[in-house]
Amino acid sequence: MTLSLDIKVATLSPVLKRRASALAEIGLVKVRDALFHFPSRHEDYRTGVALGDIEAGANVSVIAQVVKAKSRPRFGKRMSLTEAILTDGSSEIVAVWFNQPYRAKTLTPGREFRFTGKASRSRFGMQLQNPQVEPAAATPRSSNENDLLPVYPTSVGVSQQVLRLLMRHALPAITEVEDPLPEDIRARFKLLPLRDAIRLVHFPTNSEEALAARQRLGFDELLRVQLSLGRMRHLREARRAPVIAFDEQATKVFVASLPFTLTDDQRRATWAVLKDMASGHQMHRLLDGDVGSGKTIVAAVAAMNVTRSGFQSAMMAPTEILACQHFATLSRLFSRESCTIALWTNAYKRSSLHGKEIICEGKKETARLSQEISDGKVSIVIGTHALVEDTMRFASLALVVVDEQHRFGVKMRSQLCGKSGMPGIEPHLLSMTATPIPRSLALAVFGDLDLSVLKEKPKGRKDVETRLVFRKERSVAYATVREEIAAGRQAFIVCPLIDPSDVLGAASVTEEFELLRKNELKGIKVGMLHGKMSSAEKEKAMADFLTQKIKVLVSTSVVEVGVDVPNATVMCIEGAERFGLSQLHQFRGRIGRGEHRSYCFLLPGSFSPTVKDRLMAVVHHNDGFALAERDLAMRGPGDVLGTAQSGFPEFRLASFADLRLIADAKDAAEAILADDPELERHDALRRELKVYAERAHIE
Ligand code: ADP
Ligand code: MG
């Protein structure tokens with residue numbers, strides 16, 4: 001009789017019946033749940049080792065007979081020690097357990113068990129300390145091959161032994177599992193059939209089998225994501241967006257008027273954006289470039305073409321400072337164009353035409369500016385999340401640019417996109433980020449977006465000289481700060497958030513500010529910047545720093561985002577070990593923007609070999625993408641992308657390191673959707689996707 005996938009695991013054996021409620025806690029109720037509860041890894045225990053051949057330090061898993069076992073108190077009555085003598089027929093070994101007196105009762109002499117644990121040398125010879133014990137019958141007989149024992153994600157209350165027992169009981173039901181993957185796709189990407197993959201993910205006989213199984217199951221995870229991204233792309237492509245004609249002549253004149261020549265990457269990205277916007281389909285492009293790679297100009301050329309087509313553009317930045325800086329930059333860039341640009345944040349409402357600024361104060365002037373925007377008289381509106389307010393209306397919004405897109409939720413982006421002012425038409429979306437996104441992550445997570453990458457640095461930009469500073473060399477770092485200031489330059493000091501309750505960084509910045517002013521930076525004009533300050537205070541601090549009234553700016557990670565101060569040549573990053581590598585790289589991008597040589601000092605608050613190793617990567621690499629790859633491998637995608645990303649898929653088996661598998665899954669999803677966009681002929685996949693989408697809260 002075949003075992004049904006819907007049978008309750010409690011019915012499989014008395015042990016499982018007793019553990020049923022604990023198993024249910026980790027979601028293991030039916031046989032199906034068990035088969036799809038994959039091990040997180042395998043332990044490579046050498047089996048078939050004769051007891052006499054066990055070496056100190058080795059992880060072993062041996063089947064042996066109990067000769068005798070007894071427990072005795074130790075250190076008075078408080079502790080107990082259980083000792084068992086084990087034999088494999090030719091040699092003996094001792095196993096010991098601390099404070100597990102019940103062991104002596106279960107280890108009946110003459111019976112065989114599997115003992116799994118680490119061997120060490122004691123005064124009395126080789127011994128196994130606190131090994132796990134399983135009835136030998138529940139585990140396969142050892143052969144002379146390597147045996148891989150599954151290690152499952154678990155919680156208190158369920159042991160690995162129970163889980164292994166469960167899997168062995170559940171495995172016969174595998175004949176009931178249907179494979180949702182079309183046969184041609186499976187063959188094309190050389191993947192195992194699902195049944196084999198499930199069997200081998202639990203009980204492989206060698207690591208190749210384990211890998212092949214994980215590949216197949218990881219592919220399935222990636223395919224679900226890619227199918228849902230593919231369908232989102234499909235929906236988007238069906239949406240109508242304004243056709244923006246590419247004004248080649250005007251674009252050439254504009255580009256030629258810049259004080260620099262565009263890098264090849266900038267040219268390619270600009271071209272891609274203009275082509276997208278001319279297509280009639282809604283653009284959703286992510287422009288990814290290191291700090292200082294020159295993303296703003298790409299957005300500006302796009303906005304210029306939108307303006308010349310008679311539509312409006314909006315640019316949303318995460319902070320008032322950045323919005324103000326973008327407003328100033330665009331006002332200058334477009335001083336020869338006849339277009340009105342507006343700044344709209346909570347604190348500032350301004351407009352500019354031909355480079356002349358008008359400050360709007362009071363209700364009446366503010367209302368007038370708002371009216372001009374909704375009448376379509378303003379061509380480009382730059383602002384913060386204030387742009388999303390209900391009262392903000394546009395007449396013909398054709399382009400939304402979101403700077404530092406990861407700072408905004410998906411919802412805010414779509415709210416702004418819902419304001420085109422043209423029924424049935426959505427604006428094009430250009431997202432920009434300075435977070436270097438490794439290609440694998442981009443494909444896996446942003447598969448529905450088109451990606452343009454600015455890797456090339458604008459000409460003449462020098463690498464920042466970065467040093468890791470040990471505690472006793474702190475004074476040397478601050479001596480450099482003083483020297484640079486004496487030479488007319490300026491410095492940033494970045495502070496980490498010390499106390500999690502200090503979300504806005506006010507306490508750590510204030511503390512550092514006071515300390516530096518009294519000690520290392522005595523007599524130097526120091527300012528501070530943190531999230532608790534009002535917009536006006538922040539603006540004043542930035543303005544004072546820009547005009548050099550302040551020589552040193554002590555701040556939280558607020559400076560992470562795009563503030564441009566070419567005269568700043570030194571940065572000290574306190575508590576550097578608390579930041580992600582690509583984040584550190586982004587801080588560092590704030591300096592080295594002018595013609596002077598720049599220095600970045602990483603000042604960790606605590607040292608360990610790992611800290612040193614990580615931070616040395618920032619010292620040695622000046623490529624944000626390389627650092628992001630490293631962050632991805634060491635700390636996972638959350639650290640690379642930040643926590644604001646919503647709907648982020650959790651992979652159990654797929655790895656971001658496996659670029660080929662991700663690319664394969666994307667190709668497979670495209671192939672499947674190309675001839676069956678609604679998955680009408682792929683029942684199993686459609687059902688799986690529905691379950692997935694509900695869980696990930698997407699669609
Ligand atoms: P980010 O990508 O960090 O937003 P910005 O767009 O702010 O970078 O550009 C940083 C600086 O580099 C600006 O001062 C900008 O004028 C300048 N810049 C942009 N492109 C080039 C280029 N191709 N050559 C020289 N300087 C450039
Ligand atoms: Mg920028």
Side-chain angles (χ1 to χ4, degrees), residues 251-252 254-271 273 285-304 313-335 343 355 380 382-384 400-408 430-437 451-464 492 542 545-546 557-569 571 582-596 598 622-625 628:
T251 303
K252 276 192 175 144
F254 178 75
V255 169
S257 76
L258 296 172
F260 44 76
T261 46
L262 294 184
T263 64
D264 285 343
D265 281 348
Q266 281 173 318
R267 256 174 228 289
R268 263 193 295 272
T270 308
W271 172 246
V273 168
R285 187 167 284 276
L286 179 62
L287 180 59
D288 186 8
D290 231 342
V291 257
S293 59
K295 295 182 288 296
T296 318
I297 204 75
V298 177
V301 175
M304 190 204 77
S313 307
M315 187 164 180
M316 184 159 67
T319 62
E320 304 237 344
I321 295 172
L322 253 182
C324 292
Q325 213 162 50
H326 282 321
F327 176 69
T329 305
L330 266 65
S331 299
R332 201 176 54 220
L333 282 173
F334 291 134
S335 58
L343 173 68
I380 304 172
I382 297 160
T384 53
V400 166
V401 179
V402 181
D403 198 12
E404 299 302 333
Q405 57 99 28
H406 62 285
R407 295 293 181 105
F408 299 97
L430 177 64
S431 300
M432 307 203 289
T433 183
T435 307
I437 302 173
L451 184 65
S452 290
V453 177
L454 304 184
K455 269 205 167 165
E456 201 183 336
K457 281 206 177 115
K459 273 209 181 62
R461 197 144 296 156
K462 296 179 200 73
D463 279 351
V464 174
F492 281 110
M542 267 326 292
F545 193 53
L546 269 166
S557 49
V558 192
V559 288
E560 181 193 348
V561 276
V563 184
D564 202 6
V565 185
N567 193 48
T569 55
M571 174 174 282
S582 40
Q583 206 183 358
L584 290 171
H585 179 70
Q586 276 168 274
F587 292 150
R588 166 169 76 178
R590 303 284 114 237
I591 55 173
R593 295 194 145 205
E595 75 253 45
H596 306 286
S598 298
N622 230 310
D623 174 357
F625 284 88

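Since this is a predicted model, take the numbers as computed values, not measurements. Counting starts at 1 for both ligands and their atoms, following the listed order.
The closest side-chain donor-acceptor pair between R285 and S452 falls under 3.5 angstrom. Using modelled atom types and a 3.5 Å distance limit, the side chains of D290 and H585 yield a donor-acceptor pair.
Between G294 and ligand 1, at least one N/O pair is under 3.5 Å apart.
Considering each of D288, T261, T433, the one bringing a non-hydrogen atom nearest atom 23 (N) of ligand 1 is T261. Nearest to atom 1 (P) of ligand 1 by heavy atom, out of K457, Q266, K295, is K295.
Contacts between T296 and ligand 1 below 4.0 angstrom, taking non-hydrogen atoms only, involve backbone and side chain alike. Residue L454 does not touch ligand 1, judged by heavy-atom distances below 4.0 Å. Contacts between T329 and ligand 1, counted as non-hydrogen atom pairs separated by less than 4.0 Å, are absent for every part of the residue.
Evaluation of the side chain to side chain contact (heavy atoms under 4.5 Å, CB included) rule for A434 yields V291, K295, E404, Q586 as partners, not counting sequence neighbours. In this view, D463 and K457 satisfy the salt bridge (Lys or Arg N to Asp or Glu O under 4.0 Å) rule, not counting sequence neighbours.
For ligand 1, the atoms lying closer than 4.0 Å to a non-hydrogen atom of T263 are 23 (N).
A 4.5 Å side-chain heavy-atom check between V401 and M316 finds every atom pair outside the cut-off. Between T261 and V255 there is no side-chain heavy-atom pair separated by less than 4.5 Å.
Between D290 and ligand 1 there is a heavy-atom distance shorter than 4.0 Å. For the ligand labelled ligand 1, residue G289 lies outside the 4.0 Å heavy-atom shell.
Taking the six-membered ring wherever Trp is involved, the centroid distance between the rings of F545 and F492 falls below 6.0 Å.
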